[in-house]
Number of protein chains: 2
Amino acid sequence: MSHTLGIRQAQKQKTRQALLDAALGLLEEQSLSSLGLREVTRAVGVAPTAFYRHFRSTADLGVALVEEALGSLHPMIRTTVSSAGDSDQRIERAVELIAHHVETQPAHVRFIARERHGGVQSVREAIQDQLARFAEEVKVALAEDPVSEGWSDDDLLMLANLYVDQMLMTASLFLDVLEAPEEERRRVAQVATRQMRLISIGREHWLD
Amino acid sequence: MSHTLGIRQAQKQKTRQALLDAALGLLEEQSLSSLGLREVTRAVGVAPTAFYRHFRSTADLGVALVEEALGSLHPMIRTTVSSAGDSDQRIERAVELIAHHVETQPAHVRFIARERHGGVQSVREAIQDQLARFAEEVKVALAEDPVSEGWSDDDLLMLANLYVDQMLMTASLFLDVLEAPEEERRRVAQVATRQMRLISIGREHWLD
DNA sequence: AATTCCGGAGAACAGTTGTTAACTGCATGG
DNA sequence: CCATGCAGTTAACAACTGTTCTCCGGAATT
């Protein structure tokens with residue numbers, strides 16, 4: 001299928017990825033709206049003008065980072081929400097999965113949490129788009145569950161959005177305790193689990 | 001009691017407030033980490049050096065903005081959560097109150113939503129502190145409710161945090177549709193109301 | 001009435017920024 | 001094998017940044 005790219009395009013993509021990685025690193029301690037293009041190229045070790053070969057602006061780079069951070073997460077979401085087991089088991093697995101993702105991709109998670117309401121409109125919109133897609137996918141998965149019998153489409157989407165937001169909130173909490181002792185991290189996991197559980201209980205009694 | 005300040009201190013506070021107001025305006029379209037001190041003083045019409053008479057840095061100004069945005073909200077939170085009426089009535093009133101606050105203080109709300117996970121650590125911490133105080137106050141209010149009989153202190157705080165986060169999420173949603181037609185704003189209000197209601201249902205069946 | 005205090009102004013500093021133009025060297029396609 | 005394309009470089013630009021030091025005028029204090 002995918003054609004093996006020449007050594008030219010390969011080099012280009014390598015530089016592009018280096019720019020993305022450097023930017024992601026710099027964004028751990030600042031917001032995108034204050035990220036300078038020279039700052040990024042300096043970190044990579046290329047001339048400032050090389051930046052323009054890959055991105056129109058830092059905002060443009062930000063949109064690419066959104067795709068990188070969230071684009072590959074869709075299958076994960078789907079399989080998690082519609083996995084087997086009873087409610088409590090699924091919740092526990094979801095929280096563990098979030099914790100694991102935050103541990104392996106902290107910079108990506110931080111970037112999304114930060115720029116979701118950040119100062120760059122195009123990036124905000126890109127994130128909202130992805131999250132809306134997540135919510136839609138969660139909605140579809142929820143609809144397949146027998147518990148959702150009798151639910152309106154609006155209410156399913158309402159619940160899906162609640163779940164998505166709760167996942168992001170949980171991810172952000174895990175971020176805050178990344179360097180904290182195991183004990184506190186477990187405490188955060190337990191709080192997140194109970195919040196999810198409470199929402200699920202609300203779901204089960206919604207039609208009463 | 002409060003001494004009437006001389007015309008000297010009055011002028012100073014006036015300039016300080018002008019700096020805060022100008023900064024808040026500029027922050028509608030960017031993040032605090034990219035806000036320049038000269039930018040702020042230029043907007044006010046004073047010399048750049050005058051800034052130092054009031055704040056050590058823009059981060060310092062950010063902390064002051066947090067106090068201004070959230071400091072006066074504590075009594076409002078308390079009375080809202082522990083108001084009379086049945087569950088649905090209280091939720092509806094809370095959502096209306098949030099909508100009203102977003103309409104009257106959009107810049108403040110945007111600032112908090114943006115900088116809660118923003119790039120300036122001291123401001124992030126100031127916001128977390130205030131939100132933790134909110135959660136504590138909500139917890140106390142919840143504890144007074146007969147529905148909370150048999151709840152552990154941890155679970156009350158868990159629920160309080162869920163409510164606080166949900167309020168912020170709702171506020172952020174209202175921000176996004178500030179300029180939208182009345183119809184869409186009502187739709188957002190209804191979604192927020194139902195999410196709150198679902199959480200409340202989960203609360204009522206928590207001990208089952 | 002004389003003196004101190006202090007918020008703000010002014011000028012200057014070295015360093016940074018985004019963007020432009022014209023260039024170089026090398027992989028590519030004919 | 002040679003001509004084209006294009007990722008990356010070099011140099012220069014005007015504009016901007018935070019910070020320092022010195023100064024001024026008027027309110028506050030005595």
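Chain naming here is simple, since letters A, B, ... match the order of the sequence lines and numbering starts at 1 in each.
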Listed in order of residue number, which residues of residues 20-32 of chain B have a non-hydrogen atom at under 4.0 Å from DNA chain D? none

B:Arg203: what forms a side-chain contact (heavy atoms from CB on, under 4.5 Å) with it, not counting sequence neighbours?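 In terms of side-chain contact (heavy atoms from CB on, under 4.5 Å), with neighbours along the sequence ignored, B:Arg203 is linked to B:Arg90, B:Leu142, B:Asp145, B:Val147, B:Ser148, B:Trp151, B:Leu159, B:Tyr163.
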
Name all residues meeting the side-chain contact (heavy atoms from CB on, under 4.5 Å) criterion together with B:Gln130; count only those two or more places apart in sequence or in a different chain, and write none if there are none.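 Partners of B:Gln130 under the side-chain contact (heavy atoms from CB on, under 4.5 Å) test: B:Val66, B:Glu67, B:Leu70, B:His74, B:Arg133.
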
Residues in side chain to side chain donor-acceptor pair (under 3.5 Å) with [X], at least two apart?
{"X": "A:Glu96", "value": "none"}
{"X": "B:Asp155", "value": "A:Arg194, B:Trp206"}
{"X": "B:Asp176", "value": "none"}

Paired and unpaired positions of DNA chain D as dot-bracket, Watson-Crick or G-U wobble under 3.5 Å, | denoting a partner strand: ||||||||||||.||||.||||||||||||

Could you tell me from which nucleotide to which nucleotide of DNA chain D, 5' to 3', there is an atom under 4.0 Å from chain A heavy atoms? D:dG5 to D:dA12

Distance-only, no hydrogens or angles: does the B:Ser33 side chain make a donor-acceptor pair with backbone N or O of A:Ser31 under 3.5 Å?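 The answer is yes, because a donor-acceptor pair under 3.5 Å joins these two groups.
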
Anything under 3.5 Å between a donor and an acceptor, one on a side chain of residues 179-188 of chain A, the other on a protein residue two or more places apart or in another chain? List them.
| unit_1 | atom_1 | unit_2 | atom_2 | d |
| --- | --- | --- | --- | --- |
| A:Arg185 | NH1 | A:Ala180 | O | 3.4 |
| A:Arg185 | NH2 | A:Glu103 | OE2 | 3.4 |

Which donor-acceptor pairs under 3.5 Å do the side chains of residues 47-60 of chain A make with protein atoms, sequence neighbours left out?
| unit_1 | atom_1 | unit_2 | atom_2 | d |
| --- | --- | --- | --- | --- |
| A:Ser57 | OG | A:Ala59 | N | 3.4 |
| A:Ser57 | OG | A:Asp60 | N | 3.3 |
| A:Asp60 | OD2 | A:Arg56 | N | 3.2 |

Mark up nucleotides 5-12 of chain C, 5' to 3', with B wherever a protein heavy atom is under 4.0 angstrom from a base atom, S wherever such an atom reaches only the sugar-phosphate, and - elsewhere. BBBBBBBB

Name the nucleic acid region contacted by B:Arg56, choosing base, sugar-phosphate or nothing; use a 4.0 angstrom heavy-atom cut-off, strictly under. nothing

Determine all donor-acceptor pairs shorter than 3.5 Å in which one atom belongs to a side chain in residues 11-18 of chain A; sequence neighbours excluded.
| unit_1 | atom_1 | unit_2 | atom_2 | d |
| --- | --- | --- | --- | --- |
| A:Thr15 | OG1 | A:Gln11 | O | 3.2 |
| A:Gln17 | NE2 | A:Asp21 | OD1 | 3.0 |
| A:Gln17 | NE2 | A:Glu68 | OE1 | 3.1 |

